[in-house]
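Structure first, then comments.
Chain naming here is simple, since letters A, B, ... match the order of the sequence lines and numbering starts at 1 in each.
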Amino acid sequence: MDSDDDFMSPVSSEDDILPDDSDNDDMSGAEDFDFDDEPDPDLGMSKDFERKKKVAYDISFKVFQPTDIQRQQDELVNEVNMILDISKEEAAILLRHFRWNKERLIEDYMDRPHQVLEAAGLAQTAARLPRLETIPGFVCDICCEDEEGLQSFAIKCGHRYCVDCYRQYLFQKIREEGEAARIQCPSDGCNLIIDARSLDLLVTADLADRYHELLTRTYVEDKDCLKWCPAPDCQNAIECGVKKKDLDKVVPTVSCLCGHRFCFGCILNDHQPAPCELVKKWLKKCADDSETANWISANTKECPKCNSTIEKNGGCNHMTCRKCKHEFCWMCMGLWSEHGTSWYSCNRFEEKSGTDARDAQAKSRVSLERYLHYYNRYANHEQSARLDKNIYIKTEQKMVQLQKESGMSWIEVQYLNAASQALQTCRQTLMWTYAFAFYLARNNLTEIFEDNQKDLEMAVEALSGMFEKPVSELSNVKVEMLDKTSYCNKRRVILLEDTAQNLAEGLWTFNVELTGAAAPSGPSARR
Amino acid sequence: MASQKRIAKELADCTTNPPAGMSISLANDSDVHKWHVVLDGPPDSVYAGGKFGIIVSLPSEYPFKAPVVTFATRIYHPNITNDSLGNICLSILKPENWKPASRLLAVLEAVRALLIEPQPDDPLEGRIADEYRRERKEFEKNAKTYVTRYAKGPVKFDVLAAAAAAAPASNTSS
């Protein structure tokens, strides 16, 4: 099948192995899987058609660095500044007010400029550079100081306060409350917003830096198609067009220039193939103690009289409740007195009340076992991925060692790095396949899925095994390892393509409700 | 300190020219950051005839941070917690609305206005808010019962003592 070539294309495989190896700023398409693995030979003109078909799960994305983000904002501000003939400060405040929706701003402003200015906190206009003033007889309304020569400041509204109070106010807002875009005049009831230029005049350099940082942050946070890379110390933002309502159809995994791979939908680490909502359910299930309850119902019974929970700790079926002294048979839950001494032939076994109790017990036991089956595999891969990470750290030492011992060059030992990266990503995927499988209702597709899962798992374990060989043997298995690495990556792509396609087409059936769009945890409310 | 001068001025304004139906004093003379306010239940409201103790605590960052206002006297009201804490929901006190130029006088006026006109759409006690909206008669009856039970006699500001005293008070007053 020629689809194999697709899998080995530099786009899908190389980026998976060495996500940060690219000098190219534009990472779009790195995860843009090619789903047509059965190309139709008859449709020579099908390129456009395929493009259209792909839109449903198009998860192309771009990585923006801090300078890009600043530049984009500046461009928008300049544009609005020119179109609407207002100062850059005002343009910036208006844009933030309109959550950086330039079109809506311009349209609204053209229609009713005064209302727009008022709503954005730009009511009065007086074209004057902000400056400090000393006014005779001035009393600061905040601190009630009235000494001679007190420096004071006011923005356009004219509400004048002493410089110290103004500074204290801004410090409080920026440092304590993390506010930037909507800092209003300190006057009661005045909603005029303090612009960046006034702020720069008043506060110390580091506070101004923080202020601008917060302003930049609002740009990313206001835009639904932008999200910060959640990796620690990473300042990049990712742009991706996948909407919240599509999250039941697609798992929008993106990878930042810093190498961090995460889901654009929920910001958690890459959790392909499981959709966000299943991930949320799964993590909740694993985190809360609902399984404790399961254990209790699988291992204990309730006293038929007082309902105290009882764990059987001895062999005898003649139970006496510690609390109410009720005597009953553990087997059939019936009264012990009716058993006489012949408990072992428990003749009340078929009684209705007894069967119901036993059915409920059996059911909960099965569900517990099912959960544990998936959980153990999930947890195992999670742990193995952690261990593999340790190996990754040791890899570098191994590579140096290998260069010394076998006389290989740096580039020749890169296969170890590639193998280590592959292990990480594949385990990450395997881990989530088990959470995914837990929620999967059985049908023909699940068999294919399980086969794919099994293949990937075997390949990963084989590669993992090779990795643990002593350094002296590593150079002998180079070719084998290279093959295994690319095989692992290939199996992973196959598995993910299969699940993603079925997800996009709505072919999976889950044993829980997937609401998708009905989970509106929209952008966090801004103050 | 800047805040000392401001607080002293506000206190002087409030004591020489107190807002309607209120008397204001310091919890103890050495600390201007804790005020005791006795508020007479507004005449045309269900709280008429009651005397309510209100504690106003000014944070050290005042006036850059909003004061904290609590009811020391228990009160049956949609926007005030129905417990010994007496927390109050007042938009002017929220961090995003508080301005350093806002005055305590305005805060106290707002509290009084809240007694005259509760805001059931922004409740702290959902059940009382519901009752206020749907069964006004029942609400008024309950509010008045609370007034006779808790808001008669000398006002106590020690929240814990007030809470402790409140329980037996129900026996003696009803």
Side-chain angles (χ1 to χ4, degrees), chain A residues 96-97 121 123 138-148 150-155 157-194 198-199 202-203 207 214 218 524-527, chain B residues 1-19 24 26 31-33 35 56-69 88-114 119 121-123:
Chain A
R96 281 183 210 114
H97 180 73
F138 168 75
V139 181
C140 173
D141 224 15
I142 294 176
C143 63
C144 302
E145 287 294 342
D146 55 0
E147 62 189 61
E148 280 303 304
L150 194 61
Q151 279 201 311
S152 65
F153 180 79
I155 47 173
C157 55
H159 298 120
R160 184 164 290 281
Y161 302 100
C162 80
V163 174
D164 284 344
C165 283
Y166 235 113
R167 284 186 182 137
Q168 179 66 37
Y169 172 65
L170 295 173
F171 180 84
Q172 170 78 22
K173 283 285 169 194
I174 296 168
R175 276 276 177 240
E176 307 284 316
E177 294 172 30
E179 186 58 80
R182 294 209 59 86
I183 304 181
Q184 300 174 339
C185 160
S187 176
D188 198 10
C190 178
N191 68 353
L192 201 68
I193 289 182
I194 297 171
S198 299
L199 191 123
L202 289 165
V203 301
L207 200 60
L214 288 168
T218 65
S524 57
R526 293 196 45 243
R527 289 187 289 151
Chain B
M1 272 299 288
S3 71
Q4 295 288 341
K5 197 163 179 175
R6 154 84 183 254
I7 295 171
K9 187 166 183 301
E10 282 203 77
L11 186 63
D13 287 351
C14 284
T15 42
T16 52
N17 194 7
I24 293 155
L26 288 179
D31 182 10
V32 291
H33 286 273
W35 295 20
V56 180
S57 309
L58 308 179
S60 55
E61 295 92 341
Y62 183 83
F64 299 99
K65 259 193 186 165
V68 179
V69 177
I88 181 167
C89 176
L90 212 57
S91 77
I92 186 177
L93 296 179
K94 288 184 182 156
E96 64 267 31
N97 294 332
W98 175 258
K99 294 293 191 68
S102 308
R103 296 279 156 161
L104 278 172
L105 202 60
V107 173
L108 294 173
E109 297 283 6
V111 173
R112 191 165 184 276
L114 199 62
Q119 305 291 325
D121 293 333
D122 197 10

Rounded distance (nearest 0.5 Å) linking atom CD of A:Q172 with atom NZ of B:K65: 5.5 Å
Answer whether the closest heavy-atom distance between the side chains of B:F64 and A:P186 falls below 4.5 Å. no
Steps toward salt bridge (charged side-chain N to carboxylate O under 4.0 Å, His left out) verdict (B:R103, A:D141): CA-CA 10 Å; B:R103 296 279 156 161; A:D141 224 15; 3.2 Å; yes
Answer with side chain, backbone, both or neither: which region of A:Y161 has an atom nearer than 4.5 Å to a non-hydrogen atom of chain B? side chain
Looking only at non-hydrogen atoms, find the nearest pair between B:A101 and A:S187 and report the distance. CB-CA, 3.8 Å
Tell me the closest heavy-atom pair linking A:Y169 and B:K99, and the distance in Å. OH-CD, 3.8 Å
Shortest non-hydrogen contact from A:C144 toward B:R6: SG-CA, 3.7 Å
Between CG of A:N191 and CG of B:N97, what distance do you get to the nearest 0.5 Å? 11.0 Å
Contacting region of A:Q168 [heavy-atom separation from chain B under 4.5 Å]: both
